[in-house]
Amino acid sequence: MQESHQPPEYAAVCHILAAPAVAPRTAPYIREDDFDWDGLHREAATMSGGERLLVNLASELWSAEKTTGLWEIPRRLDAENFRRVIEALYLCRGAAVAAPAAVFRTDRLDELAA
């Protein structure tokens, strides 16, 4: 049995598609080394706007084709899914999903905004 090596984008896309809001609907389209994007986009057509955005962001990370606006991430995603996308970006760079604490500490928002 050969062990396959996945690019960091694979882990990042899986992380997004495993979000609790979409995981039951996206799981059938996740393959061992690729994704069924036609199926995922058909499924996403009946999802909420935020859920559809998660699928589109995952697709964009995988294909490197611009389909979404950066502005959509903070404006259209709830806090949990926003954090998941940021974690996926860390994964995409090959980094552990350990964002600096200051990024998500709400008690420092005023300080960070200054």
For [X], side chain to side chain donor-acceptor pair (under 3.5 Å) partners two or more places apart:
{"X": "Ser48", "answer": "Glu51"}
{"X": "Asp34", "answer": "Trp62"}
{"X": "Asp38", "answer": "none"}
{"X": "Asn81", "answer": "Asp78"}

Listed once per pair and sorted, the salt bridge (Lys or Arg N to Asp or Glu O under 4.0 Å) pairs that draw on residues 40-50, sequence neighbours left out: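 Listed by first then second residue: Arg25-Glu43.
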Mind jotting down which residue pairs meet the salt bridge (Lys or Arg N to Asp or Glu O under 4.0 Å) criterion with at least one end in residues 53-73? Sequence neighbours excluded, please.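 Residue pairs passing salt bridge (Lys or Arg N to Asp or Glu O under 4.0 Å), neighbours aside: Glu72-Arg76.
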Given the options Val13, Leu54, Leu17, Thr26 meets side-chain contact (heavy atoms from CB on, under 4.5 Å) only with Leu17
Option passing side-chain contact (heavy atoms from CB on, under 4.5 Å) with Phe35 (candidates Ser59, Ser63, Cys14): Cys14
[X] versus [Y]: any side-chain heavy-atom pair under 4.5 Å?
{"X": "Arg52", "Y": "Val22", "value": "no"}
{"X": "Leu53", "Y": "Val85", "value": "no"}
{"X": "Leu89", "Y": "Leu61", "value": "yes"}

Taking side-chain contact (heavy atoms from CB on, under 4.5 Å) as the test, write out the residues that go with Pro24, two or more places apart.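 If we apply the side-chain contact (heavy atoms from CB on, under 4.5 Å) test to Pro24, skipping adjacent residues, there are no hits.
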If every non-hydrogen atom of [X] is compared with every non-hydrogen atom of [Y], which pair is closest and at what distance?
{"X": "Ile16", "Y": "Ala58", "value": "CG2-CB, 4.0 Å"}
{"X": "Cys92", "Y": "Pro8", "value": "O-CB, 3.4 Å"}
{"X": "Pro20", "Y": "Arg84", "value": "CD-NH2, 3.8 Å"}
{"X": "Tyr10", "Y": "Ile30", "value": "OH-CG2, 3.9 Å"}
{"X": "Leu77", "Y": "Phe82", "value": "CB-N, 3.9 Å"}

Excluding sequence neighbours, so at least two apart, what forms ring-ring contact (aromatic ring centres under 6.0 Å, His included) with Tyr29?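 Testing Tyr29 for ring-ring contact (aromatic ring centres under 6.0 Å, His included), a comparison that skips the adjacent residues, returns none.
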Would you say Leu70 ends up clustered with Tyr90 if hydrophobic residues are merged whenever their side chains have heavy atoms under 4.5 Å apart, either directly or through other cluster members?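 Linked, Tyr90 and Leu70 end up in one cluster.
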Salt bridge (charged side-chain N to carboxylate O under 4.0 Å, His left out) partners for Arg75, two or more places apart: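 With neighbours one apart ignored, the set is empty.
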To the nearest 0.5 angstrom, please state how far the OG1 atom of Thr67 sits from the CG atom of Asn56. 5.0 Å
